[in-house]
Amino acid sequence: MKKIMVLAGGNDQCALIEELRRYFNKEVEIILVDMSDKVKAVAYADKFIQISTMDRSAVLKAAKEEKIDYILTACGDQPLSTMAYVSHQLGLPSYLNEQEVRDLTNKRYMKDKMVANGIPTAKFIYINKDWSGKLHHFSYPLVVKPVDSNGSKGVKKVSAPEELEDSLREAFRYSLSGDVIIEEFKSGNELSCDFYVENGVVKLLCITASKKILENASSFTIVQSYYPAPVAYNECRIKEIAQRIADVWELKDTPLLIQMIVKEDEYNVLEFSARMGGGSKYHLIQVLSGVNIMKVYVEMVMGKKPHVEPKKQWNNAIMSYVYCRPGEYVSLKGFDELQKRGDIFSYFTYRLAPSNIRKSDTSSDRVAGFLVVGNSEDEVQRKLEYANNSIAVLDAEGNDIMKHNLY
Ligand SMILES: Nc1ncnc2c1ncn2[C@@H]1O[C@H](COP(=O)(O)OP(=O)(O)O)[C@@H](O)[C@H]1O
Ligand SMILES: [Mg+2]
(Lines give C-alpha, C1' and ligand atoms only; values in the text may rest on other atoms or scores of the structure.)
(Ligands and ions follow the chains in the order given, each with its own letter.)
Protein backbone atom coordinates (compact mmCIF):
# COMPACT_ATOMS: atom_id res chain seq x y z
CA MET A 1 0.00 0.00 0.00
CA LYS A 2 1.32 3.46 -0.91
CA LYS A 3 1.98 5.97 1.85
CA ILE A 4 1.35 9.60 1.00
CA MET A 5 2.25 12.57 3.15
CA VAL A 6 -0.07 15.54 2.63
CA LEU A 7 1.15 18.98 3.68
CA ALA A 8 -1.36 21.39 5.28
CA GLY A 9 -4.80 20.48 6.51
CA GLY A 10 -7.22 23.03 5.11
CA ASN A 11 -10.48 22.39 3.34
CA ASP A 12 -8.92 22.07 -0.12
CA GLN A 13 -6.55 19.39 1.18
CA CYS A 14 -9.60 17.40 2.33
CA ALA A 15 -10.65 17.29 -1.32
CA LEU A 16 -7.12 16.24 -2.29
CA ILE A 17 -7.19 13.40 0.24
CA GLU A 18 -10.59 12.21 -0.99
CA GLU A 19 -9.35 12.27 -4.57
CA LEU A 20 -6.22 10.31 -3.62
CA ARG A 21 -8.39 7.65 -1.98
CA ARG A 22 -10.47 7.41 -5.17
CA TYR A 23 -7.34 7.19 -7.32
CA PHE A 24 -5.91 4.35 -5.22
CA ASN A 25 -9.26 2.67 -4.72
CA LYS A 26 -8.93 3.26 -0.97
CA GLU A 27 -5.63 1.31 -0.91
CA VAL A 28 -3.57 4.22 0.36
CA GLU A 29 -2.36 5.53 3.70
CA ILE A 30 -2.56 9.28 4.20
CA ILE A 31 -0.30 11.02 6.70
CA LEU A 32 -1.27 14.61 7.31
CA VAL A 33 1.21 17.25 8.45
CA ASP A 34 0.10 20.59 9.87
CA MET A 35 1.27 22.87 12.66
CA SER A 36 -2.25 22.89 14.08
CA ASP A 37 -4.34 19.92 15.12
CA LYS A 38 -7.47 22.04 14.74
CA VAL A 39 -7.69 21.71 10.98
CA LYS A 40 -10.36 19.96 8.95
CA ALA A 41 -8.17 17.42 7.17
CA VAL A 42 -7.12 15.69 10.43
CA ALA A 43 -10.41 13.80 10.27
CA TYR A 44 -9.71 12.74 6.64
CA ALA A 45 -6.22 11.33 7.27
CA ASP A 46 -5.10 7.97 8.65
CA LYS A 47 -2.39 9.56 10.73
CA PHE A 48 -1.68 13.11 11.83
CA ILE A 49 1.74 14.57 12.65
CA GLN A 50 1.77 17.98 14.24
CA ILE A 51 4.69 19.90 12.77
CA SER A 52 4.85 23.04 10.71
CA THR A 53 4.82 22.38 6.97
CA MET A 54 7.52 25.08 6.81
CA ASP A 55 9.90 23.14 9.07
CA ARG A 56 11.67 21.28 6.28
CA SER A 57 14.04 19.26 8.41
CA ALA A 58 11.29 18.10 10.79
CA VAL A 59 9.08 17.15 7.83
CA LEU A 60 12.01 15.32 6.19
CA LYS A 61 12.69 13.40 9.40
CA ALA A 62 9.04 12.37 9.71
CA ALA A 63 8.90 11.44 6.01
CA LYS A 64 11.97 9.21 6.43
CA GLU A 65 10.57 7.52 9.52
CA GLU A 66 7.25 6.88 7.80
CA LYS A 67 8.96 5.64 4.63
CA ILE A 68 6.55 7.56 2.45
CA ASP A 69 6.11 7.10 -1.31
CA TYR A 70 4.91 10.62 -2.11
CA ILE A 71 4.68 14.01 -0.45
CA LEU A 72 2.01 16.31 -1.85
CA THR A 73 0.04 19.46 -1.28
CA ALA A 74 -2.56 21.44 -3.21
CA CYS A 75 -3.70 25.04 -3.41
CA GLY A 76 -0.97 26.62 -1.25
CA ASP A 77 2.41 28.13 -2.15
CA GLN A 78 4.61 27.66 0.88
CA PRO A 79 4.22 23.89 1.31
CA LEU A 80 5.28 23.44 -2.35
CA SER A 81 8.84 24.22 -1.41
CA THR A 82 8.85 21.66 1.42
CA MET A 83 7.31 19.17 -1.01
CA ALA A 84 10.11 19.74 -3.53
CA TYR A 85 12.83 19.66 -0.86
CA VAL A 86 11.71 16.43 0.82
CA SER A 87 11.07 14.74 -2.54
CA HIS A 88 14.58 15.63 -3.67
CA GLN A 89 16.20 14.46 -0.41
CA LEU A 90 14.39 11.12 -0.50
CA GLY A 91 14.51 10.62 -4.27
CA LEU A 92 10.72 10.72 -4.59
CA PRO A 93 8.87 11.96 -7.67
CA SER A 94 7.79 15.61 -7.58
CA TYR A 95 6.24 17.66 -10.36
CA LEU A 96 8.35 20.67 -9.38
CA ASN A 97 11.95 20.86 -8.20
CA GLU A 98 13.21 23.30 -5.60
CA GLN A 99 14.44 25.92 -8.02
CA GLU A 100 11.19 25.78 -9.98
CA VAL A 101 9.23 26.27 -6.76
CA ARG A 102 11.42 29.22 -5.81
CA ASP A 103 10.91 30.90 -9.20
CA LEU A 104 7.17 30.26 -8.98
CA THR A 105 6.52 31.34 -5.40
CA ASN A 106 9.15 33.85 -4.32
CA LYS A 107 8.03 37.19 -5.72
CA ARG A 108 11.58 38.49 -5.93
CA TYR A 109 12.68 35.81 -8.40
CA MET A 110 9.29 35.76 -10.07
CA LYS A 111 9.27 39.50 -10.77
CA ASP A 112 12.89 39.61 -11.94
CA LYS A 113 12.11 36.88 -14.42
CA MET A 114 8.88 38.60 -15.53
CA VAL A 115 10.76 41.83 -16.26
CA ALA A 116 13.55 39.99 -18.09
CA ASN A 117 11.00 38.24 -20.30
CA GLY A 118 8.59 41.04 -21.09
CA ILE A 119 5.72 39.88 -18.91
CA PRO A 120 3.88 43.03 -17.77
CA THR A 121 4.06 43.65 -14.02
CA ALA A 122 4.03 46.65 -11.66
CA LYS A 123 7.33 48.50 -11.19
CA PHE A 124 9.06 47.29 -8.03
CA ILE A 125 12.17 47.05 -5.88
CA TYR A 126 13.02 44.40 -3.35
CA ILE A 127 14.67 45.31 -0.09
CA ASN A 128 15.86 43.73 3.13
CA LYS A 129 15.87 45.09 6.68
CA ASP A 130 19.08 47.12 6.11
CA TRP A 131 17.47 49.18 3.36
CA SER A 132 17.55 52.91 3.92
CA GLY A 133 17.21 54.07 0.34
CA LYS A 134 14.82 56.53 -1.24
CA LEU A 135 11.92 55.82 -3.53
CA HIS A 136 12.84 58.38 -6.17
CA HIS A 137 11.20 56.76 -9.15
CA PHE A 138 7.99 55.66 -7.47
CA SER A 139 4.76 57.51 -6.98
CA TYR A 140 2.22 56.78 -4.24
CA PRO A 141 0.09 54.79 -3.61
CA LEU A 142 2.45 51.83 -3.23
CA VAL A 143 2.02 48.25 -2.12
CA VAL A 144 4.46 46.52 0.22
CA LYS A 145 4.50 42.74 0.49
CA PRO A 146 6.66 39.93 1.80
CA VAL A 147 8.32 38.12 -1.13
CA ASP A 148 7.29 34.70 0.14
CA SER A 149 4.06 34.91 2.07
CA ASN A 150 0.57 34.32 0.68
CA GLY A 151 -3.12 34.91 1.29
CA SER A 152 -2.43 38.68 1.46
CA LYS A 153 -0.63 38.27 4.79
CA GLY A 154 1.59 41.30 5.35
CA VAL A 155 0.43 42.92 2.09
CA LYS A 156 -0.50 46.58 2.60
CA LYS A 157 -1.46 49.52 0.46
CA VAL A 158 0.60 52.58 1.37
CA SER A 159 -1.06 55.85 0.47
CA ALA A 160 1.51 58.30 1.83
CA PRO A 161 5.21 58.30 2.88
CA GLU A 162 4.39 58.49 6.60
CA GLU A 163 2.61 55.10 6.40
CA LEU A 164 5.56 53.35 4.81
CA GLU A 165 7.52 52.44 7.93
CA ASP A 166 4.63 50.71 9.71
CA SER A 167 3.66 48.79 6.59
CA LEU A 168 7.23 47.66 6.02
CA ARG A 169 7.48 46.44 9.61
CA GLU A 170 4.36 44.35 9.07
CA ALA A 171 5.66 42.97 5.76
CA PHE A 172 9.03 42.02 7.28
CA ARG A 173 7.20 40.21 10.07
CA TYR A 174 5.63 37.85 7.51
CA SER A 175 8.65 37.49 5.23
CA LEU A 176 10.32 34.11 5.67
CA SER A 177 13.48 34.98 3.74
CA GLY A 178 13.65 38.55 5.06
CA ASP A 179 12.99 40.22 1.70
CA VAL A 180 10.12 42.57 1.01
CA ILE A 181 8.85 44.05 -2.23
CA ILE A 182 7.75 47.63 -2.68
CA GLU A 183 5.77 48.11 -5.86
CA GLU A 184 3.43 50.60 -7.47
CA PHE A 185 -0.24 50.19 -6.73
CA LYS A 186 -2.25 49.40 -9.84
CA SER A 187 -5.87 50.41 -9.90
CA GLY A 188 -8.31 48.38 -11.97
CA ASN A 189 -10.06 45.04 -11.71
CA GLU A 190 -8.31 42.02 -10.29
CA LEU A 191 -8.66 38.81 -12.27
CA SER A 192 -7.89 35.34 -11.09
CA CYS A 193 -7.13 33.18 -14.12
CA ASP A 194 -6.94 29.41 -13.83
CA PHE A 195 -5.33 27.33 -16.55
CA TYR A 196 -4.19 23.80 -16.99
CA VAL A 197 -0.92 23.50 -18.88
CA GLU A 198 -1.13 20.34 -20.95
CA ASN A 199 2.07 19.26 -22.63
CA GLY A 200 3.30 22.87 -22.53
CA VAL A 201 0.10 24.41 -23.93
CA VAL A 202 -2.13 26.52 -21.68
CA LYS A 203 -5.83 25.68 -21.56
CA LEU A 204 -8.12 28.23 -19.99
CA LEU A 205 -10.37 26.83 -17.26
CA CYS A 206 -11.95 30.01 -15.93
CA ILE A 207 -11.42 33.69 -15.30
CA THR A 208 -13.08 35.20 -12.25
CA ALA A 209 -12.88 38.69 -10.78
CA SER A 210 -11.70 38.93 -7.17
CA LYS A 211 -13.74 41.43 -5.18
CA LYS A 212 -12.06 42.85 -2.10
CA ILE A 213 -13.48 44.02 1.23
CA LEU A 214 -13.76 47.76 0.69
CA GLU A 215 -13.87 48.71 4.37
CA ASN A 216 -10.35 47.28 4.76
CA ALA A 217 -8.77 50.33 3.16
CA SER A 218 -5.11 49.29 3.30
CA SER A 219 -5.32 45.50 3.15
CA PHE A 220 -6.61 43.29 0.35
CA THR A 221 -9.11 40.81 1.65
CA ILE A 222 -10.83 38.80 -1.04
CA VAL A 223 -14.53 38.50 -0.36
CA GLN A 224 -16.03 37.24 -3.63
CA SER A 225 -15.12 35.58 -6.89
CA TYR A 226 -17.34 36.77 -9.73
CA TYR A 227 -18.01 34.95 -12.96
CA PRO A 228 -18.00 36.35 -15.51
CA ALA A 229 -15.70 39.15 -14.44
CA PRO A 230 -17.71 42.39 -14.58
CA VAL A 231 -15.06 44.11 -16.68
CA ALA A 232 -14.20 44.02 -20.35
CA TYR A 233 -11.00 42.10 -20.93
CA ASN A 234 -9.29 40.53 -23.89
CA GLU A 235 -9.20 36.76 -23.43
CA CYS A 236 -6.59 36.34 -26.17
CA ARG A 237 -4.27 38.76 -24.42
CA ILE A 238 -4.65 36.83 -21.15
CA LYS A 239 -3.95 33.53 -22.88
CA GLU A 240 -0.88 35.04 -24.55
CA ILE A 241 0.47 36.14 -21.17
CA ALA A 242 -0.25 32.69 -19.70
CA GLN A 243 1.47 30.92 -22.59
CA ARG A 244 4.47 33.20 -22.24
CA ILE A 245 4.67 32.31 -18.53
CA ALA A 246 4.39 28.58 -19.33
CA ASP A 247 7.14 28.93 -21.95
CA VAL A 248 9.57 30.97 -19.85
CA TRP A 249 9.06 28.89 -16.70
CA GLU A 250 9.10 25.73 -18.81
CA LEU A 251 5.84 24.44 -17.39
CA LYS A 252 4.76 21.19 -19.04
CA ASP A 253 1.83 19.58 -17.18
CA THR A 254 0.50 21.53 -14.24
CA PRO A 255 -2.31 23.76 -13.07
CA LEU A 256 -1.39 27.42 -13.45
CA LEU A 257 -3.01 30.22 -11.48
CA ILE A 258 -2.33 33.78 -12.61
CA GLN A 259 -3.51 36.87 -10.75
CA MET A 260 -3.53 40.10 -12.69
CA ILE A 261 -4.92 43.60 -12.59
CA VAL A 262 -6.62 44.88 -15.71
CA LYS A 263 -7.46 48.45 -16.54
CA GLU A 264 -8.58 49.17 -20.08
CA ASP A 265 -5.77 47.75 -22.19
CA GLU A 266 -3.20 47.65 -19.41
CA TYR A 267 -2.57 44.20 -17.95
CA ASN A 268 -0.28 43.71 -14.95
CA VAL A 269 0.55 40.31 -13.53
CA LEU A 270 0.66 40.35 -9.73
CA GLU A 271 1.83 36.79 -9.27
CA PHE A 272 1.24 33.24 -10.40
CA SER A 273 1.89 29.72 -9.27
CA ALA A 274 1.93 26.17 -10.62
CA ARG A 275 -1.10 25.07 -8.66
CA MET A 276 -4.81 25.68 -8.52
CA GLY A 277 -6.25 28.54 -6.51
CA GLY A 278 -7.26 28.09 -2.87
CA GLY A 279 -10.58 28.88 -1.19
CA SER A 280 -12.43 25.99 -2.93
CA LYS A 281 -11.32 27.17 -6.35
CA TYR A 282 -10.94 23.54 -7.41
CA HIS A 283 -14.72 23.27 -6.95
CA LEU A 284 -15.47 26.53 -8.76
CA ILE A 285 -13.28 25.38 -11.66
CA GLN A 286 -15.21 22.14 -11.92
CA VAL A 287 -18.59 23.87 -11.71
CA LEU A 288 -17.68 26.45 -14.36
CA SER A 289 -15.59 24.41 -16.80
CA GLY A 290 -16.67 20.83 -16.17
CA VAL A 291 -13.02 19.88 -15.54
CA ASN A 292 -12.45 17.93 -12.33
CA ILE A 293 -9.16 19.69 -11.67
CA MET A 294 -8.45 17.87 -8.40
CA LYS A 295 -8.71 14.54 -10.22
CA VAL A 296 -6.53 15.89 -13.04
CA TYR A 297 -4.03 17.11 -10.44
CA VAL A 298 -3.81 13.73 -8.72
CA GLU A 299 -3.33 11.95 -12.05
CA MET A 300 -0.63 14.45 -13.01
CA VAL A 301 1.31 14.13 -9.73
CA MET A 302 1.12 10.36 -10.14
CA GLY A 303 2.95 10.74 -13.45
CA LYS A 304 0.01 10.38 -15.86
CA LYS A 305 -0.70 12.85 -18.68
CA PRO A 306 -4.31 13.87 -18.10
CA HIS A 307 -6.21 15.54 -20.91
CA VAL A 308 -8.62 18.40 -20.18
CA GLU A 309 -11.46 19.78 -22.29
CA PRO A 310 -13.00 22.76 -20.55
CA LYS A 311 -16.62 23.47 -21.51
CA LYS A 312 -18.70 26.34 -20.21
CA GLN A 313 -21.41 25.07 -17.83
CA TRP A 314 -23.11 28.19 -16.44
CA ASN A 315 -23.48 31.79 -17.51
CA ASN A 316 -23.07 33.24 -14.03
CA ALA A 317 -21.66 32.34 -10.64
CA ILE A 318 -20.62 34.09 -7.46
CA MET A 319 -18.52 32.51 -4.73
CA SER A 320 -18.86 34.54 -1.52
CA TYR A 321 -16.66 34.16 1.52
CA VAL A 322 -18.07 34.56 5.00
CA TYR A 323 -16.18 36.77 7.45
CA CYS A 324 -17.19 37.58 11.00
CA ARG A 325 -17.00 40.23 13.66
CA PRO A 326 -14.70 39.24 16.54
CA GLY A 327 -16.31 36.50 18.57
CA GLU A 328 -16.56 32.77 18.97
CA TYR A 329 -17.77 30.79 15.97
CA VAL A 330 -19.83 27.89 17.28
CA SER A 331 -22.18 26.91 14.45
CA LEU A 332 -23.58 27.81 11.06
CA LYS A 333 -27.26 28.42 10.45
CA GLY A 334 -29.25 28.10 7.24
CA PHE A 335 -26.55 26.76 4.90
CA ASP A 336 -27.84 23.16 4.68
CA GLU A 337 -31.43 24.24 4.05
CA LEU A 338 -30.40 26.65 1.28
CA GLN A 339 -28.33 23.97 -0.38
CA LYS A 340 -31.13 21.39 -0.17
CA ARG A 341 -33.52 23.82 -1.84
CA GLY A 342 -30.98 24.70 -4.52
CA ASP A 343 -30.81 28.36 -3.51
CA ILE A 344 -27.09 27.92 -3.07
CA PHE A 345 -25.22 25.38 -5.18
CA SER A 346 -22.73 24.40 -2.50
CA TYR A 347 -20.94 25.67 0.58
CA PHE A 348 -17.67 25.07 2.38
CA THR A 349 -16.40 25.55 5.90
CA TYR A 350 -12.85 26.64 6.52
CA ARG A 351 -12.63 26.75 10.32
CA LEU A 352 -13.39 24.04 12.83
CA ALA A 353 -15.98 25.06 15.41
CA PRO A 354 -15.65 26.25 18.08
CA SER A 355 -13.08 28.75 16.98
CA ASN A 356 -12.14 32.24 18.05
CA ILE A 357 -12.49 34.80 15.28
CA ARG A 358 -10.37 37.87 15.87
CA LYS A 359 -10.34 39.69 12.56
CA SER A 360 -11.40 39.67 8.93
CA ASP A 361 -8.21 40.63 7.10
CA THR A 362 -6.81 37.56 5.39
CA SER A 363 -8.05 34.38 3.81
CA SER A 364 -7.36 32.45 7.02
CA ASP A 365 -10.03 34.54 8.76
CA ARG A 366 -12.78 33.07 6.56
CA VAL A 367 -15.30 30.90 8.32
CA ALA A 368 -17.12 29.62 5.26
CA GLY A 369 -17.82 30.16 1.59
CA PHE A 370 -20.94 29.61 -0.50
CA LEU A 371 -21.55 29.41 -4.21
CA VAL A 372 -24.55 30.57 -6.20
CA VAL A 373 -24.87 29.71 -9.89
CA GLY A 374 -27.38 30.63 -12.57
CA ASN A 375 -27.85 31.73 -16.11
CA SER A 376 -28.23 35.46 -15.69
CA GLU A 377 -26.70 38.21 -13.59
CA ASP A 378 -30.15 38.88 -12.13
CA GLU A 379 -30.61 35.29 -11.05
CA VAL A 380 -27.30 35.03 -9.18
CA GLN A 381 -27.77 38.45 -7.55
CA ARG A 382 -31.21 37.40 -6.31
CA LYS A 383 -29.88 34.11 -4.96
CA LEU A 384 -26.97 35.87 -3.28
CA GLU A 385 -29.22 38.39 -1.58
CA TYR A 386 -31.61 35.69 -0.44
CA ALA A 387 -28.75 33.57 0.94
CA ASN A 388 -27.16 36.53 2.69
CA ASN A 389 -30.47 37.24 4.43
CA SER A 390 -30.99 33.59 5.42
CA ILE A 391 -27.64 32.44 6.78
CA ALA A 392 -25.89 33.20 10.04
CA VAL A 393 -22.76 32.35 11.97
CA LEU A 394 -23.69 31.80 15.58
CA ASP A 395 -21.73 32.21 18.81
CA ALA A 396 -22.44 30.27 22.02
CA GLU A 397 -25.30 32.63 22.93
CA GLY A 398 -26.91 32.27 19.53
CA ASN A 399 -25.87 35.74 18.34
CA ASP A 400 -25.12 36.16 14.64
CA ILE A 401 -21.49 37.31 14.25
CA MET A 402 -21.43 37.13 10.43
CA LYS A 403 -20.63 40.32 8.54
CA HIS A 404 -23.60 40.63 6.20
CA ASN A 405 -22.61 43.96 4.67
CA LEU A 406 -19.70 42.73 2.53
CA TYR A 407 -21.45 41.67 -0.68
N1 LIG B 1 0.71 46.30 -7.29
C2 LIG B 1 -0.52 46.11 -6.80
N3 LIG B 1 -1.51 46.96 -7.10
C4 LIG B 1 -2.76 46.78 -6.60
N5 LIG B 1 -3.10 45.78 -5.76
C6 LIG B 1 -2.14 44.91 -5.41
C7 LIG B 1 -0.80 45.01 -5.91
N8 LIG B 1 -0.08 44.00 -5.39
C9 LIG B 1 -0.91 43.29 -4.62
N10 LIG B 1 -2.15 43.81 -4.62
C11 LIG B 1 -3.32 43.29 -3.89
O12 LIG B 1 -2.86 42.51 -2.80
C13 LIG B 1 -3.31 41.16 -2.91
C14 LIG B 1 -2.22 40.21 -2.44
O15 LIG B 1 -1.07 40.43 -3.19
P16 LIG B 1 -0.30 39.22 -3.88
O17 LIG B 1 0.82 39.78 -4.67
O18 LIG B 1 -1.25 38.37 -4.64
O19 LIG B 1 0.28 38.44 -2.62
P20 LIG B 1 -0.16 37.09 -1.88
O21 LIG B 1 0.96 36.16 -2.17
O22 LIG B 1 -0.28 37.44 -0.44
O23 LIG B 1 -1.45 36.62 -2.49
C24 LIG B 1 -3.66 41.00 -4.37
O25 LIG B 1 -4.65 40.02 -4.53
C26 LIG B 1 -4.14 42.39 -4.75
O27 LIG B 1 -5.50 42.57 -4.39
MG1 LIG C 1 -1.99 36.41 -4.39
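Side chains are part of it too, since the values below use all heavy atoms of this structure and drop only hydrogens, waters and symmetry mates. Counting starts at 1 for both ligands and their atoms, following the listed order.
Distances from the Mg ion (ligand 2) to the N/O/S atoms of E271 are shortest for OE2.
Of the heavy atoms in F220, only side-chain atoms (C-beta onward) come closer than 4.0 Å to ligand 1. The proximity of I261 to ligand 1, defined as any non-hydrogen pair under 4.0 Å, is limited to the side chain. Contacts between K157 and ligand 1 below 4.0 angstrom, taking non-hydrogen atoms only, are absent altogether. When heavy-atom distances to ligand 1 are checked against a 4.0 Å cut-off, S149 comes that close only through its backbone atoms N, CA, C and O.
Using a 4.5 Å heavy-atom threshold, the side chains of M114 and V269 count as touching. In this structure, Y44 and L32 have side chains that are not in contact, with every pair of non-hydrogen atoms separated by 4.5 Å or more.
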**Prompt:** Checking side chain to side chain contact (heavy atoms under 4.5 Å, CB included) for the pair K403/E215: CA distance, chi angles, key distance, verdict?
**Reply:** CA-CA 12 Å; K403 290 191 170 183; E215 69 187 47; 3.1 Å; yes
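In this structure, atom 3 (N) of ligand 1 lies nearest to the protein heavy atom K186 N, 2.8 Å. The nearest protein atom to atom 16 (P) of ligand 1, hydrogens excluded, is given as E271 OE2, 3.6 Å; this is a heavy-atom distance. Protein heavy atom closest to atom 21 (O) of ligand 1, with residue, atom name and distance, is K107 NZ, 2.6 Å.
Listed by number with element, the atoms of ligand 1 under 4.0 Å from a non-hydrogen atom of E184 are 1 (N), 2 (C), 3 (N). Counting atoms of ligand 1 from 1 in the listed order, those under 4.0 Å from a heavy atom of E183 are 1 (N), 2 (C), 7 (C), 8 (N). Close contacts between ligand 1 and K145 involve ligand atoms 8 (N), 9 (C), 16 (P), 17 (O) [criterion: under 4.0 Å to a heavy atom]. For ligand 1 and E190, the ligand atoms under 4.0 Å from any heavy atom of the residue are 24 (C), 25 (O), 26 (C), 27 (O). Proximity to K212 (heavy-atom distance under 4.0 Å) selects the following atoms of ligand 1: 24 (C), 25 (O), 26 (C), 27 (O). Contact atoms of ligand 1 toward G151: 20 (P), 22 (O), 23 (O) (distance under 4.0 Å to a heavy atom of the residue).
H283 and F345 have tilted rings, their planes meeting at an angle from 30° to 60° on a 0 to 90° scale.
Each of V33, T53, L20 was evaluated against V6; a single residue qualifies, L20, per the side-chain contact (heavy atoms from CB on, under 4.5 Å) test.
Of the listed residues (P146, P141, S152), the one carrying the non-hydrogen atom nearest atom 22 (O) of ligand 1 is S152. Relative to atom 6 (C) of ligand 1, the option among T362, L270, V269 with the closest non-hydrogen atom is L270.
Using a cut-off of 2.8 Å, one finds that S152 contributes no N/O/S atom close to the Mg ion (ligand 2).
Residue pairs satisfying the ring pair (Phe, Tyr, Trp, His ring centres under 6.0 Å) criterion with at least one member in residues 296-322, sequence neighbours excluded, are listed as follows: Y95-Y297.
When only modelled atom types and interatomic distance are considered, S289 and Q313 share no side-chain donor-acceptor pair under 3.5 Å. Counting only N and O atoms by type, the side chains of S218 and K157 include no donor and acceptor under 3.5 Å apart.
Residue E385 qualifies as open at atom CD: its count of foreign heavy atoms under 6.0 Å is 12 or below.
The pair E183-K123 fails the salt-bridge criterion, with no side-chain N (NZ, NE, NH1 or NH2) lying under 4.0 Å from an Asp/Glu carboxylate O.
Atom OG of S376 sits about 9.5 Å away from atom CD of Q381, to the nearest 0.5 Å.
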